[in-house]
Q: 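I have a structure I would like to understand better, so I am pasting it below and will then ask my questions one at a time.
Please read all numbers here as calculations on a predicted model, not as lab measurements. Order of listing sets the numbers, starting from 1, for every ligand and every atom in it.
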Amino acid sequence: MGKKFVYMFSEGSGSMRELLGGKGANLAEMTSLGMPVPQGFTITTEACTQYYADGQQINKEIQAEIMSYITKLEVIAGKKFGDLKNPLLVSVRSGARASMPGMMDTILNLGLNDQVVEAFAKKTNNPRFAYDSYRRFIQMYSDVVMEVGKKYFEQLIDEMKEKRGVKLDTELTAADLKKLAEQFKAEYKAKIGEDFPQDPKEQLMGAIRAVFRSWDNPRAIYYRRMNDIPSDWGTAVNVQMMVFGNMGDTSGTGVAFTRNPATGEKKLFGEFLMNAQGEDVVAGVRTPQPIQKLAETMPEAYAQFVDICNKLEFHYRDMQDMEFTIEDKKLFMLQTRNGKRTAAAALKIACDLVDEGMISQEEAVSMIDPKSLDSLLHPQFDPAALKAAKPVGQGLAASPGAAAGKIVFTAEDATEWAKNGEKVVLVRLETSPEDIEGMHYAQGILTVRGGMTSHAAVVARGMGTCCVSGCGDIKIDETAKTFDLGGKHFKEGDFLSIDGSTGNIYAGNIPTVDAEIGGEFGRIMSWADQNRKLRVRTNADTPRDAAQAFKFGAEGIGLCRTEHMFFDPARIAAIRQMIVSETVEQRERALAKLEPMQQSDFEGIYEAMKGQPVTIRLLDPPLHEFLPTDEEDIKTLAKEMKMTVNDLKAVIASLHEFNPMMGHRGCRLAVTYPEIAAMQTSAIIKAALAVRSRRPAWKIVPEIMIPLVGEVKELAYVKEVVTKTADAIIAQTNDKMQYKVGTMIEIPRAALTADEIAKEADFFSFGTNDLTQMTFGFSRDDAGKFLGAYYDKKIYEFDPFAKLDQVGVGRLVKMAADLGRQTRPDIKLGICGEHGGDPSTVEFCHKVGLTYVSCSPFRVPIARLAAAQAAIKDAKK
Ligand code: PEP
Ligand code: MG
């Protein structure tokens, strides 16, 4: 016997999610619990995969298997498909393994045709209902199966209502609806060039094909990418006997949650409509009634429903989202699933379920989506105001939170306007390190270029500022201070609202509300901490960010990017002097100015972290990033350096690089200018000594990190500069302070030779931003331009700069970790690329056995939770 592609509900069970999809498995489970479920069968996700393998066709064998199940269903129902006396009508609905609400399609009332509808009218003694069902079916079939837009049909309904002088669909008579069904069929023929299919089998296969096809519609693809659902899973199809909520005033349909999905409150929450079918409840044509009202309208059905809700929640040990229909006073359950909920509700429900003795603390930790915590920590748009708003465009959701303010086009304006009490949104073609101050002052940042690890994205996440990046649809004129988007013209001072959690951009000023962190957050986090093996550190460059991360539970700093301290207007002069120095003496003079500033920064960071480990990285970016571009700034610098403007311009020109990301940066700077590494080492060691003398209880051991290493000799050279400097300073004190020197693994060659590199490194930190860039050969800043095409063509399913590519880049990480441990079994291993805050990457890091992950401050709680989930999952195995 070949593979089985179809299962009756009574054959399946709740554990068969992968094969039957979530909806199918739950329908089977409800059936086995003896609940009133209209019977039917599920066509498996494997049939969907087969459909694609067969070139988007349902093969003969599967068609035959489906039809044999129709026969079985006919026996159970005591009705026949296409019968003129007692016709069987079915619904056809999608149901993937992971629920994808509203992403795929549904068809109701299938099995009706010109004759069957007459028979149906007679049998139900309700012609109005019969023709209403038929015209709905034609409409849904045309829309979903044949992709004729809904609007043509809605237009016909509106014309009919106008002709009859009525407002509501329900006021149309049987004759009107019969006429409408005729018009719909004519519309179908006009658009498709064929008659509306009358053969129920043809209708059924068309509907099933449409569900399979809908697995690959653009909104489903987008939803999967957002929610890490693999595209090869496929969707199952559920074919279920129709029950009718639109049979009259003793029928109805509704949806309900066992707890409030917005707040988590333990109280049935839902709506229903009498004399209605399926989508009427959500379509908003008529206003549904709160579910509690059903107790008055139909007390028996309500009591039974409440009883089933309790049983289902108890059975699944989670909040349920259910659909039901009442057909002539009799209750039927159409679906149940774990309900989608807000982050706040998720925390409350998880804690309540623990308190009610329904689940364990580990289960509570495992049921929260780590990414959803983001929304708890940042301001959000007022949900009511957001409902009324329509986005004018969309970019990448680069840093979460919501922001509204007046548009400014330069970082200086952002700073100035904000200092004058204005809320501003900074709109830039792309941001550069010089914009940092303005970015701090802005409510939000919107850029035309740049991906998830572009400068704007990285910096904004670090600061916890909302950012939408890479909105290529914007036509910007930075000189005129205007831009166009979505057919609208925006100028400086206009209001703009952006949502860094969705990437949506809105015209106007949408009010925001502050995040509220309740006691449940702390409870879940403490349970998470008891379970995880990975440590969680943060990427922080300033005492302010460090303090923020500490509050969120960071256990150290995994990456302090020292260059971010250089952009302060008070320091940029000295750093520029250093760069354009032509002699070592000149350079050392400039460095001497910088050293006390750096030392005080590092002291601040050590203080903020209260004795926890801090990894400080030596200067990394290409030097020209710091150089002035503005004529005035160039003049000032020339004067300071006692150079002519032309000489200075020549120096600046000589620093130009064709490919700065692969140019004179990272440890290459220290190889050419060892005095920079010496100055920074000195500042780090002196800062640590100073804080140790003030805080004897803190056992500070500085960790100095050398970036962008590709060869062990290169590391050994820079390390010697570091150790010589450090040892000399420590020797002059009574403190026997230890320190560590490690490196970043961010060049493939370093990963490939990690056993060699480990000879010189106390620790590795995987810089997966650069490692991804160099492994793929994709520029971090430009990949956003073409990745969209890669998603569309299913070459890649996700952004490798946001979620670690475990197949390729991950293989390098694992290999380097293993090689590093071979040489040095106790080597500390961490990750500090942006991936360190991504839950799937955190799970990978757990599996590879890293010591810690490091991420931006606002993602620390996400990483803590994801690390606990990985450990719990591992322990279960
Ligand atoms: C990295 O490359 O992953 C990294 C953390 O360094 P940066 O982003 O500063 O290049
Ligand atoms: Mg890097």
Side-chain angles (χ1 to χ4, degrees), residues 398-399 431-433 436 450-463 469 537-542 545 556-567 614-623 625-626 659-670 680 703 705-710 714-715 742-751 763-783 799-805 809-810 812-813 816 829-838 841-842 844-845 850 852-857 859 863:
S399 177
T431 64
S432 78
I436 191 117
M452 294 297 281
T453 56
S454 65
H455 177 265
V458 171
V459 172
R461 275 200 292 276
M463 299 189 302
S469 68
R537 294 196 187 188
T538 190
N539 295 354
D541 312 327
T542 62
D545 292 351
I557 290 182
L559 173 62
C560 172
R561 294 173 162 106
T562 47
E563 58 270 18
H564 286 172
M565 302 171 175
F566 288 150
F567 288 103
V614 173
T615 303
I616 297 173
R617 179 177 75 184
L618 301 185
L619 195 63
D620 182 35
L623 291 181
E625 280 192 10
F626 299 99
N659 199 340
M661 268 295 186
M662 299 218 249
H664 193 193
R665 60 170 287 216
C667 64
R668 298 156 205 171
L669 295 170
Q680 290 199 295
E703 297 173 358
M705 181 152 77
I706 299 168
L708 223 74
V709 162
E714 178 186 40
L715 173 60
T743 185
M744 295 190 67
I745 303 288
E746 48 187 345
I747 289 190
R749 193 177 190 283
F763 61 87
F764 286 170
S765 180
F766 290 97
T768 44
N769 300 334
D770 277 311
L771 192 59
T772 299
Q773 168 166 265
M774 303 211 208
T775 303
F776 278 80
F778 283 176
S779 153
R780 292 161 66 161
D781 297 307
D782 299 324
D799 181 349
F801 289 102
K803 178 176 156 185
L804 190 79
D805 157 48
V809 181
L812 282 174
V813 170
L829 301 170
I831 178 174
C832 64
E834 286 302 299
H835 309 85
D838 165 67
T841 310
V842 172
F844 172 81
C845 294
L850 300 195
Y852 67 84
V853 297
S854 188
C855 56
S856 52
R859 287 162 84 177

Q: Look at D770 together with R665 and state whether they make a salt bridge at an N to O cut-off of under 4.0 Å.
A: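 Salt bridge between D770 and R665, a charged N being under 4.0 Å from a carboxylate O: yes.
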
Q: Determine yes or no for a side-chain-to-main-chain donor-acceptor pair under 3.5 angstrom, with N539 supplying the side chain and P857 the backbone.
A: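 No: the side chain of N539 does not pair with the backbone of P857.
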
Q: In total, how many protein N/O/S atoms does one find closer than 2.8 Å to the Mg ion (ligand 2)?
A: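 Step by step: take the Mg ion (ligand 2), keep protein N, O, S below 2.8 Å, and you get 2.
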
Q: Rounded to the nearest 0.5 Å, what separation is found between the CG atom of L829 and the CZ atom of F763?
A: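 These two atoms lie 11.0 Å from each other.
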
Q: Collect the protein residues that have a non-hydrogen atom under 4.0 Å from ligand 1 and hand them over in chain and number order.
A: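 If the criterion is a heavy atom under 4.0 Å, then ligand 1 touches L559, R561, R617, D620, R665, M744, E746, G767, T768, N769, D770, R780, C832, G833.
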
Q: For the CZ atom of R617 and the CD atom of E563, what is their distance to the nearest 0.5 Å?
A: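 Rounded to the nearest 0.5 Å, the CZ-CD separation comes out at 5.0 Å.
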
Q: Supply the atom-to-atom distance I831 CD1 to I745 CD1, rounded to the nearest 0.5 angstrom.
A: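 With rounding to 0.5 Å, CD1 (I831) is 12.5 Å from CD1 (I745).
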
Q: What distance separates E834 CD from D799 CG, expressed to the nearest 0.5 Å?
A: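 Reported value, rounded in 0.5 Å steps: 11.0 Å.
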
Q: Atom CG of L804 and atom CG of L812: how far apart are they, to the nearest 0.5 Å?
A: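 Separation between the atoms: 9.5 Å.
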
Q: Hey, can you tell me if F801 and F778 have their rings parallel, tilted or perpendicular (30° and 60° cut-offs)?
A: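 Rings of F801 and F778: tilted, as their planes differ by 30° to 60°.
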
Q: Inspect the contact between R537 and E703 and indicate whether a charged nitrogen and a carboxylate oxygen are less than 4.0 angstrom apart.
A: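 Yes, charged N to carboxylate O under 4.0 Å.
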
